Amino acid sequence: MGELRPLGEDLTQESRALAQALRELFEGLDVSVRRYAARHRRDPGTFSRYLNGTRLPPWEVIMGIMTDLAEHRGTTVTPEAIEFIRGLHGSAFDSSSSPKHAVEIIEQQLADADHVSRRSSVRGDILGDALLERQNRIANLEVRLSQMEAALTAERERAGQLASAHPDVSELRGERDVLRQEVTRLGNELQAAHEQRDAAEARCDLLERQLAAVEHPAALPAAPPLRMPKVLVVDDQPDNLLAMTAVLETLDQELVTVSSGRDALKALLHHDDFAVIIMDVQMPEMDGYETAAHIKRRARNRDVPIIFLTAMGVDPEHTARGYAAGAVDYISKPFDPWALRAKVAVFTEIHLERRIGPPEGTASRPSST
């Protein structure tokens, strides 16, 4: 194929075995990584990391490769092949679940958020300079127009004539109107750039707290003697709900689990005091994006942070759509237990800070939403 990157360094034996098996399957498709990723609307960089073992692929991605290969060869996927690859996938997942792996996941998210922040800042500077230049040009035009109009009025008064528009004045007015439209457009784009930068900075603050929660879990404040907030988990796959319940039950919080977007909306009507919502993106009937949009339209729930759980890879296209829908965080399937616990623990900490204030002797941290 020529496009496959070498296997990643420092892979566990289990991750290396899975990556080698996936590479053998993929090479049978006789297609480039970029073209295959485009065909399935996936980020080619993320897909390449699946094949070199540095990122664990969701099971849906693996099944997609196996199904495509069977179709390419005119055969069917055998149960034996599925079970063999499923075993490799499970072993790789178990071996990669560690605080170190969670730190790597969150550090990559932090790097992505920092990149968005810096890019937005640069764009804001460029737009700010362009806006100032247009405003200065309008000011200069206003001075010239004022002088010309005063001179024309005085000249026509001396001649006893009615003042009428001069071609030069009309041209300057037209130029001024065009510049005013550009100022409005640039102002809107500048505001959007600032909002994007501020949102990215808020994500950076949030992710830094999550890193601290993974690296120093004992540093999180003990739960106050109050009713702990709930966690809403939304996923149409029962296995995923069971897995997340097993991971999060150690946090001593009530978990409300539902299997659809509509049930999530009902749960938010019948329960209150949620610290965070963990929601699968790909669900039938009402997907995660649509459900999040409904939640954010409700005054009662719009401030509850949403973590999107996605099997599509955390690439710019999906994250941008998710943030626009109201998500504040992402985690990929198969999810890392340490990373998921850290994210939920931090959102719970933020929720308690808002309810009772930060612990005595600590500074208030920036809001994540």
Side-chain angles (χ1 to χ4, degrees), residues 37 39-43 46 57-64 67 109 195-196 199 202-203 206 229-249 253-337 339-341 343-344 347-348 350-351 368-369:
R39 185 181 299 170
H40 291 271
R41 296 185 178 181
R42 297 188 182 277
D43 176 63
T46 300
W59 178 247
E60 291 87 344
V61 171
I62 297 175
M63 276 303 302
T67 302
Q109 290 183 311
E195 290 174 353
Q196 186 179 51
R203 290 198 297 275
L206 178 63
K230 303 179 182 72
V231 177
L232 176 60
V233 184
V234 190
D235 199 305
D236 64 306
Q237 298 297 320
D239 290 347
N240 288 338
L241 290 176
L242 287 173
M244 282 186 280
T245 298
V247 168
L248 297 175
E249 64 185 2
Q253 291 176 250
E254 180 182 347
L255 302 180
V256 178
T257 60
V258 296
S259 58
S260 71
R262 297 191 185 281
D263 287 343
L265 297 177
K266 293 177 182 177
L268 290 167
L269 286 176
H270 297 119
H271 299 265
D272 58 8
D273 200 29
F274 282 104
V276 63
I277 301 168
I278 305 167
M279 184 153 51
D280 185 28
V281 171
Q282 293 178 295
M283 294 186 293
E285 296 184 13
M286 183 185 294
D287 65 15
Y289 299 125
E290 186 180 355
T291 306
H294 280 294
I295 292 171
K296 293 304 176 181
R297 283 197 288 267
R298 294 179 174 180
R300 178 182 178 183
N301 310 127
R302 65 166 58 111
D303 293 329
V304 181
I306 298 173
I307 301 175
F308 269 159
L309 187 66
T310 174
M312 296 179 288
V314 184
D315 60 63
E317 177 185 352
H318 294 123
T319 55
R321 185 180 176 189
Y323 294 140
V328 297
D329 205 349
Y330 264 91
I331 191 164
S332 294
K333 294 181 182 178
F335 63 86
D336 182 277
L340 182 62
R341 274 194 298 266
K343 290 177 182 295
V344 172
F347 281 118
T348 299
I350 292 171
H351 181 90
S368 64
T369 56

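Remember, predicted model here, so these are calculated numbers, not experimental data. Excluded from the calculations below are hydrogen atoms, water molecules and symmetry mates; all remaining heavy atoms, backbone and side chain alike, are included. When a residue number appears, it is its place in the shown sequence, counting from 1.
- At least one test fails for R341 against the ring of F335: distance under 6.0 Å to the centre or angle within 45° of the axis.
- Among residues two or more places apart in sequence or in another chain, the side-chain hydrogen bond (donor to acceptor under 3.5 Å, both in side chains) test is passed with D236 by none.
- With sequence neighbours excluded, the residues satisfying side-chain hydrogen bond (donor to acceptor under 3.5 Å, both in side chains) with R297 are H294.
- Among all heavy-atom pairs drawn from R298 and L265, the shortest one is NH1-O, 3.0 Å.
- With sequence neighbours excluded, no residue forms a side-chain hydrogen bond (donor to acceptor under 3.5 Å, both in side chains) with T257.
- Side-chain contact between L248 and V344: present, with at least one pair of heavy atoms (C-beta onward) separated by less than 4.5 Å.
- A side-chain donor-acceptor contact under 3.5 Å links Q109 and K343.
- Between the side chains of Q253 and T348, at least one donor N or O sits under 3.5 Å from an acceptor N or O.
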What pairs of donor and acceptor atoms, side-chain ones from residues 267-277 against any protein atom, are under 3.5 angstrom apart with sequence neighbours left out?
unit_1, atom_1, unit_2, atom_2, d
H270, ND1, K266, O, 3.0
D273, OD1, H351, NE2, 2.7
D273, OD1, R355, NH2, 3.3
D273, OD2, R227, NH1, 3.3
D273, OD2, R355, NH2, 2.7

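- V234 and S260 get closest at one heavy-atom pair: CG1-O, 3.5 Å.
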Please set out all donor-acceptor pairs under 3.5 angstrom arising from side-chain atoms of residues 237-246, sequence neighbours excluded.
unit_1, atom_1, unit_2, atom_2, d
N240, ND2, D235, OD1, 3.4
N240, ND2, D235, OD2, 3.3
T245, OG1, L241, O, 2.7

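- Under a cut-off of 6.0 angstrom, the local environment of CZ in R262 is sparse, with at most 12 non-hydrogen atoms contributed by other residues, nucleotides or ligands.
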**Request:** Could you go through the side-chain contact (heavy atoms from CB on, under 4.5 Å) check for Y289 and T291 one step at a time?
**Result:** CA-CA 6 Å; Y289 299 125; T291 306; over 6 Å; no
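- Inter-residue side-chain proximity for E254 and V256 is flagged as met; some heavy-atom pair is nearer than 4.5 Å.
- Residues meeting the side-chain hydrogen bond (donor to acceptor under 3.5 Å, both in side chains) test with K230, sequence neighbours left out: none.
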